[in-house]
Amino acid sequence: MIVIIYAHPYPRHSRANNALLDALEDMDGVQLRSLYDLYPDFSIDVAAEQHALASARLVIWQHPMHWYGSPALFRLWMDKVLQYGWAYGKGAGVLSGKDVMWTVTTGGDEGNFSCCGENHLGMLGQPLRSAGEQCGMRWLEPFSLHGVTTLSQEQLAGAGARYREQLEALMSQYTNAGAPVHE
């Protein structure tokens, strides 16, 4: 199962993230947890979130880039849900061996991130990668969509199709081999 932890402060107003999520709408084995819809008061149900993660094979952290970071509710979700003793540390291991993928949308084009190194988002994603790896998770190549404010509906639909193809390929690896092939 894929669990998408989606954190957009205005989820109904995001053309880009909605295009990505719409492409997955009828895909079996995908559970969407829209944090700003579930927790508008920022009062996170930690047990419900941990339960969702426990059943996942792949966890996706999906959000727009906000000032080179993640939205506030996603950061709070990480602080509350990825607890010592459950997600990492002595006696932990619930997330160990699961895959984690970062899906990020940006208003700026890819060139806006050239200061961040050759792959443009590697440095910005490092805290998320480190958090996932601290929990024993395997970091997968991020899915990024840049310049979303200027993309046409056709370009957004194409990005959605690529996103779905990538997740279907991962699901196929999980169901056919029991575990993904990592290079």
Side-chain angles (χ1 to χ4, degrees), residues 1-12 14 17-66 69-105 125-143 160 163-182:
M1 173 185 293
I2 297 172
V3 174
I4 300 173
I5 305 301
Y6 174 52
H8 194 296
Y10 306 101
R12 286 170 223 9
S14 175
N17 280 284
N18 286 333
L20 296 178
L21 295 174
D22 287 350
L24 308 179
E25 197 169 70
D26 63 345
M27 192 172 156
D28 289 334
V30 176
Q31 179 186 9
L32 176 65
R33 303 205 50 86
S34 180
L35 299 183
Y36 282 88
D37 285 331
L38 290 168
Y39 310 114
D41 60 356
F42 280 52
S43 183
I44 296 170
D45 182 342
V46 173
E49 295 303 309
Q50 289 177 342
H51 179 74
L53 292 175
S55 64
R57 179 65 189 93
L58 168 62
V59 177
I60 296 175
W61 293 333
Q62 180 173 337
H63 62 82
M65 181 71 67
H66 279 200
S70 55
L73 186 53
F74 180 72
R75 284 294 314 144
L76 181 64
W77 179 91
M78 290 184 78
D79 291 344
K80 298 285 187 183
V81 176
L82 303 180
Q83 297 174 350
Y84 178 82
W86 184 83
Y88 69 98
K90 188 175 183 178
V94 175
L95 300 178
S96 185
K98 296 180 187 292
D99 290 334
V100 62
M101 186 173 90
W102 182 35
T103 297
V104 63
T105 58
Q126 188 57 50
L128 297 177
R129 180 179 185 151
S130 294
E133 289 174 350
Q134 178 71 23
C135 295
M137 302 173 85
R138 289 181 290 233
W139 181 257
L140 301 181
E141 186 68 27
F143 184 95
Y163 191 40
R164 182 181 178 114
E165 287 172 15
Q166 186 171 345
L167 297 188
E168 285 176 335
L170 288 167
M171 287 290 283
S172 176
Q173 288 178 358
Y174 298 146
T175 55
N176 293 338
V181 176
H182 295 281

Just do the side chain to side chain contact (heavy atoms under 4.5 Å, CB included) check on L53 and V94 with the steps written out, would you? CA-CA 8 Å; L53 292 175; V94 175; over 6 Å; no

How close do [X] and [Y] get, heavy atom to heavy atom, and via which atoms?
X	Y	answer
A7	F74	CB-CB, 3.6 Å
A48	Y39	CB-OH, 4.4 Å
S55	A52	OG-O, 3.0 Å
H66	P9	CE1-CG, 3.5 Å

Counterpart residues, side chain to side chain contact (heavy atoms under 4.5 Å, CB included), relative to A169 (two or more places apart):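 Checked A169 against side chain to side chain contact (heavy atoms under 4.5 Å, CB included); zero matches.
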
Test side chain to side chain contact (heavy atoms under 4.5 Å, CB included) applied to F42 - qualifying residues, sequence neighbours left out: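 In terms of side chain to side chain contact (heavy atoms under 4.5 Å, CB included), with neighbours along the sequence ignored, F42 is linked to Y36, A72, L73, L76.
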
Considering only heavy atoms from C-beta outward, does the side chain of [X] approach that of [Y] to under 4.5 Å?
X	Y	value
T105	L20	yes
L95	V100	no
P64	N17	yes
M78	S70	no
V81	I5	no

Please report the interatomic distance [atom1]([X]) to [atom2]([Y]), rounded to the nearest 0.5 Å.
X	Y	atom1	atom2	result
L128	M137	CG	CE	11.5 Å
L58	M101	CG	CE	6.0 Å
E133	S96	CD	OG	12.0 Å
Q62	L24	CD	CG	7.5 Å

Run L82 and Q134 through side chain to side chain contact (heavy atoms under 4.5 Å, CB included) and show every step you take. CA-CA 10 Å; L82 303 180; Q134 178 71 23; over 6 Å; no

Can you tell me how the ring of W139 sits relative to the ring of W61, calling it parallel under 30°, perpendicular over 60° and tilted otherwise?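 Judged by the thresholds at 30° and 60°, the geometry between W139 and W61 is tilted.
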
Going by the angle between their ring planes, with limits at 30° and 60°, are Y6 and H8 parallel, tilted or perpendicular?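 Rings of Y6 and H8: tilted, as their planes differ by 30° to 60°.
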
Tell me every residue that passes side chain to side chain donor-acceptor pair (under 3.5 Å) with T103, counting only those two or more places apart in sequence or in another chain.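 Partners of T103 under the side chain to side chain donor-acceptor pair (under 3.5 Å) test: Y163.
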
Kindly write out the residues that satisfy side chain to side chain donor-acceptor pair (under 3.5 Å) with H63, not counting sequence neighbours, or none if the list is empty.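 H63: side chain to side chain donor-acceptor pair (under 3.5 Å) contacts with W102.
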
Distance-only donor-acceptor pairs under 3.5 Å for side chains of residues 26-35, two or more places apart:
{"from": "D26", "atom 1": "OD1", "to": "R164", "atom 2": "NH1", "distance (Å)": "2.7"}
{"from": "D26", "atom 1": "OD1", "to": "R164", "atom 2": "NH2", "distance (Å)": "3.4"}
{"from": "R33", "atom 1": "NE", "to": "E49", "atom 2": "OE1", "distance (Å)": "3.2"}
{"from": "R33", "atom 1": "NE", "to": "E49", "atom 2": "OE2", "distance (Å)": "3.0"}
{"from": "R33", "atom 1": "NH2", "to": "E49", "atom 2": "OE2", "distance (Å)": "2.5"}
{"from": "S34", "atom 1": "OG", "to": "D37", "atom 2": "OD2", "distance (Å)": "3.1"}

Check: A56 main-chain N/O paired with K98 side-chain donor or acceptor under 3.5 Å: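 Such a contact is found between K98 side chain and A56 backbone.
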
With sequence neighbours excluded, residues passing salt bridge (Lys or Arg N to Asp or Glu O under 4.0 Å) with E165: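 Partners of E165 under the salt bridge (Lys or Arg N to Asp or Glu O under 4.0 Å) test: none.
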
List the steps, then state whether side chain to side chain contact (heavy atoms under 4.5 Å, CB included) holds for L140 with L170. CA-CA 10 Å; L140 301 181; L170 288 167; 3.9 Å; yes

Residue pair S130 / Q126, side-chain donor-acceptor N/O under 3.5 Å: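 Per modelled atom types, S130 and Q126 side chains form a pair under 3.5 Å.
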
Please test L38 against D45 for side chain to side chain contact (heavy atoms under 4.5 Å, CB included), starting from the C-alpha separation and ending with a verdict. CA-CA 9 Å; L38 290 168; D45 182 342; over 6 Å; no

